[in-house]
Amino acid sequence: MDVSHLIDSLNDAQREAVCAPPGHYLVLAGAGSGKTRVLTHRIGWLNQVEHVPPWAILAVTFTNKASGEMRARLEQLIPGGTQGLTVGTFHGIAHRLLRRHWREAGLPESFQILDADDQQRLVKRVVAGLGLDEARFPPRQAAWQINSWKDEGKRAENIEHGQHPVTRTLVQIYQAYEDACRRAGLVDFAELLLRAHELWLKQPAILEHYQQRWRYLLIDEFQDTNALQYAWIRVLAGSTGQVFVVGDDDQAIYGWRGAKVENVQQFLRDFPGARTIKLEQNYRSTSNILKAANSVIERNGGRLGKQLWTAGEEGERIAVYAAYNEQDEARFVIERIREYIAEHGEAKDCAILYRSNAQSRNFEEQLIQHDIPYRVYGGLRFFERAEIKDALSYLRLTANRHDDAAFERAVNTPPRGIGDRTLDVLRRRARNERMSMWEAALSELSMGNELAGRAKNAVKGFLSMIDEMAHAFAPSPPRGEGWSEELGLPKDSAPDNPSPNPLPGGERANAVLPLAEQIDHAIVQSGLREFYEKDSRGNAESRVENLDELVNVASRFEMTPDDIEAGLNELSAFLSHAALEAGEGQGESWDNCVQLMTLHSAKGLEFPLVFLVGLEEGLFPSQRSIEDEGRLEEERRLAYVGITRARERLVISHAESRRMHGSEMLARPSRFLGEVPPSLVDEVRPRVQVSRPLYAGRFAATPPSLKEDLPVKLGQRVSHPSFGEGVVVSAEGSGAHTRLQVNFESAGSKWLVAAYAKLTPL
DNA sequence: CTTAAGAGGGTTTTT
DNA sequence: CCCTCTTAAG
């Protein structure tokens, strides 16, 4: 068989990886070194040369986008040969396993997935339910802690709190949250992974089955795996699986959410005979850009060590612009983009990369002013929108009445007279009797006496509405679902709601209503559509449009063979899909737009012209990373990621003064700027001479002195005759009015007028 | 239940 | 400064 298409286009290192004999491999793939190509070609090689059947291969990625791309490229590479091949995200694969083995995993068949937002709301209710002070135990942080524990593979019962009261309470929250999830049949993202891992450990027969099946494991972006994902892979590999991991320790930028770069080295220890292959030839950037990237990343310790090189041209030097303030910075960047477009370039080839989302604003304003189309990545995605989640919560309830997260959301959206007081009665009952909100409502209606007539009717109406919806969707409901019927609630009493219109097509005995019609039905019958149509707030129109789009999305939705095999019905499959793939953000990717995004979301992308903005101490590296060496190194890797996004031209900017959180802050240029060799840099002069040049190399070697060169740089150590020694932490104003905030070791934090305070730089 | 004023918090993000 | 969420008043 001719396999030249698999290897012809590869360089030596790539070919070594693709054609490697059986065994474990760590492919250290530098930025732009053809990582995805190696991964896909390796799969092609296994299949066509080693004759590994597709079903024996498991390829794991982190994002849906990456797995989609991999699948598409595989389809091209081995036409028709991807049947049975498993490509997916960790979460997607764990989800499939749990669907197929729900019983063994201890889950209800109809379990639903809780997204991050749902999770936080639920934690919040749990915190309130435990009678804890939300200020002392912010739900946000509690949820974060729970996720960290899960990512470490820990259950509430195996956490040592060692009498530490705060930890003990957090464990309590964790426990209560888990109970709530179990009662409601809900599984959050981290839980998908943890359950799947526990499935391996507790069900040896199932584990063995998959060990026999997936003998070839390929993992993308390995440096981003967390402890649990690593453990999952390791257990699955067992003693027979062959593991091929691809990653780059220099691009590990997700440590803060539990990713463990250490896994890369751990892999070499845990997998006997594992070999390392380095991909160092870069096909993306000019040599100047690579030199800059190398010289920045070199300052990190403990690297596995790679040095990117290119056979390509030296290219332009890196332009560095010292802006007067953030507005000047935005003006400059947009001006350069206009020039670029005017000359030959396209808007979509330009990217503005920043450290934090808040920075996009100034650039957006400038872009709007100059009528340049742009797209901001990140932000709310389709399935995360409130109106979409509202609509889906009705569907979730029809699928599973115990879904408390959906209940809480749907019950009074749109308002139907079920306010906090009523809900508190139900919540209390649910908590005391350890039941779901739905059960609590039923029980309150039939034997409780805490609700007044009006509230009672409203609740009754809500319950029957959901039952009616479920009935309309699938005329013979699964046993155990039509509970209001069992408890003698009249099916047709929906006092606050109009009775449903006859369905198009009349009677459909035993026929399940098509998904899109179910959703349309739910949107109309719930009153959501009317509610948003009459909504007086600004974006009502787009909300209604989104609801329409949801119906469209549903009509286009098709179950995958996996969904069918796992025994999912269309609704469950759709709901899972909505949670696991939140969908694209707004804006059409094919439009010719300037791209704005954070450095984090830029990973994996490339652009001919890149603007790396806001390179200031305190912003990038961020203030919170500066104190800790480990976090600082992660910031440096972020800088490395940013630089290596550029193909032809890189422009770096920083502002001397920036409005942050309302006040004017002075900032020194980022240390990362100083780590770029001055010989590679072109300092761009401001049009109007407004400020001293501060950049590139100079500041790093000799910080400007305080006396002659006001305003002082932040971070400067100073001495004061009466307050002693301290560090300048911020500054305000300019010239004679400059005031400095100094953190004194003994005297604490003080604001001083720079002109009068007798400060001596140390 | 709706609206307005106030408090609090402001890296980074996917699933 | 700007956004979100909570709370108080209507």
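Values below: every heavy atom of this structure, side chains too, minus hydrogens, waters and symmetry copies. Below, chain A is the first sequence line, B the second, and so on; all start at residue 1.
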Check your understanding: Where does the angle between the aromatic ring planes of A:Phe90 and A:Trp232 fall among parallel (under 30°), tilted (30 to 60°) and perpendicular (over 60°)?
Key -> perpendicular

Revision key, fill the gap. Out of B:dT15, B:dT13, B:dT12, minimum distance to the side chain of A:Ser356 belongs to B:dT12

Review point. Start at the 5' end of DNA chain B and walk down; is the nucleotide closest to A:Thr89 or to A:Ser622 reached first?
Key: A:Ser622

**Study point:** Stepwise side chain to side chain contact (heavy atoms under 4.5 Å, CB included) test for A:Glu221 and A:Thr61
**Key:** CA-CA 7 Å; A:Glu221 303 278 19; A:Thr61 63; over 6 Å; no

Study note, to complete from the structure: From the candidates B:dT12, B:dT14, B:dT2, the one with an atom nearest any side-chain atom of A:Pro415 is B:dT2

Review point. Whole Å only: how far is the CE atom of A:Met660 from the C1' atom of C:dC3?
Key: 16 Å

Practice item. Answer with base, sugar-phosphate or nothing: what part of the nucleic acid does A:Ala579 contact at a heavy-atom distance below 4.0 Å? Key: nothing

Exercise for review: Take the protein atom CG of A:Asn357 and the nucleotide atom C1' of B:dT14, then report the distance between them rounded to whole Å.
Suggested key: 14 Å

Exercise for review: Kindly state whether the ring of A:Phe462 and the ring of A:Phe407 have centres lying under 6.0 angstrom apart.
Suggested key: yes

Review point. Is A:Tyr254 touching bases, backbone alone, or none of the nucleic acid, heavy atoms closer than 4.0 Å?
Key: sugar-phosphate

Check your understanding: Atom CD of A:Glu635 and atom CG of A:Leu619: how far apart are they, to the nearest 0.5 Å?
Key -> 9.5 Å

Check your understanding: Which residues within residues 60-72 of chain A lie with some heavy atom under 4.0 Å of an atom in DNA chain B?
Key -> A:Phe62, A:Thr63, A:Asn64

Practice item. Look at A:Arg381 together with A:Glu384 and state whether they make a salt bridge at an N to O cut-off of under 4.0 Å. Key: yes

Exercise for review: May I ask you to verify if any side-chain N or O of A:Arg361 is less than 4.0 angstrom from the OP1 or OP2 atom of C:dC3?
Suggested key: yes

Point to revise | Electrostatic pair A:Glu326-A:Arg659, nearest N-O below 4.0 angstrom | key: no

Point to revise | Whole angstrom value for the distance that separates P of C:dT4 from CD of A:Glu134 | key: 19 Å

Just the table, please: protein N/O against nucleotides 6-9 of chain B N/O, every pair under 3.5 Å.
none

Give me the distances for all protein-to-nucleotides 7-10 of chain C N/O pairs that come in under 3.5 Å?
none

Review point. Is the distance from OP1 or OP2 of C:dC1 to the nearest side-chain N or O of A:Ser663 less than 4.0 Å?
Key: no

Review point. Quick one: is A:Arg381 getting a side-chain N or O under 4.0 Å of the B:dT15 phosphate, OP1 or OP2?
Key: yes

Exercise for review: Classify the nucleic acid contact of A:Ser601 as base, sugar-phosphate or nothing, counting any heavy atom under 4.0 Å across all strands shown.
Suggested key: sugar-phosphate

Revision key, fill the gap. Glycosidic torsion of B:dT12 (syn if within 90° of 0, anti otherwise) classifies it as anti

Check your understanding: Does any pair with a residue in residues 85-98 of chain A pass salt bridge (charged side-chain N to carboxylate O under 4.0 Å, His left out), and if so which ones, sequence neighbours excluded?
Key -> A:Arg96-A:Asp562

Point to revise | Lys NZ or Arg CZ of A:Arg375 over A:Tyr377 ring: under 6.0 Å, within 45° | key: yes

Point to revise | Beyond-backbone contact of A:Trp102 with A:Pro108, side-chain heavy atoms, under 4.5 angstrom | key: no

Exercise for review: Using a heavy-atom cut-off of under 4.0 Å over every strand shown, decide if A:Arg140 touches base, sugar-phosphate, or nothing.
Suggested key: nothing

Point to revise | Cation-pi check, A:Arg99 onto A:Phe111 ring (under 6.0 Å, within 45° of axis) | key: yes

Review point. Which whole number of Å gives the distance between the C1' atom of B:dT14 and that of C:dC3?
Key: 23 Å

Practice item. Please state the C1' separation for the pair C:dC5 and B:dT12 - nearest whole angstrom. Key: 23 Å

Study note, to complete from the structure: Testing B:dT13, B:dT15, B:dT11 for proximity to the side chain of A:Arg631, the answer is B:dT11

Review point. For A:Thr598, which contact category applies under a 4.0 Å heavy-atom criterion: base, sugar-phosphate, or nothing?
Key: sugar-phosphate

Point to revise | Note: A:Lys150-A:Glu178 ion pair, threshold 4.0 Å (strictly below) | key: yes

Point to revise | OP1 or OP2 of C:dC1 under 4.0 Å from side-chain N/O of A:Arg659 | key: no

Practice item. Would you mind classifying the nucleic acid contact of A:Glu634 as base, sugar-phosphate or nothing, using non-hydrogen atoms under 4.0 angstrom? Key: nothing

Review point. Is there a stack between A:Trp256 and B:dT12, judged by ring centres under 5.5 Å and planes under 30°?
Key: yes

Review point. Got a sec, which residues hit salt bridge (Lys or Arg N to Asp or Glu O under 4.0 Å) with A:Arg121, two or more places apart in sequence or on another chain?
Key: A:Asp117

Point to revise | 5' precedence on DNA chain B between A:Asn412 and A:Leu599 (nearest-nucleotide basis) | key: A:Asn412

Revision key, fill the gap. Sorted by chain and number, sequence neighbours left out, ring pair (Phe, Tyr, Trp, His ring centres under 6.0 Å) with A:Phe363 holds for none

Revision key, fill the gap. To the nearest angstrom, the NZ-C1' distance between A:Lys150 and B:dT14 comes to 16 Å

Review point. A:His600 has an atom NE2; how far is it from atom C1' of B:dT15, in whole Å?
Key: 16 Å

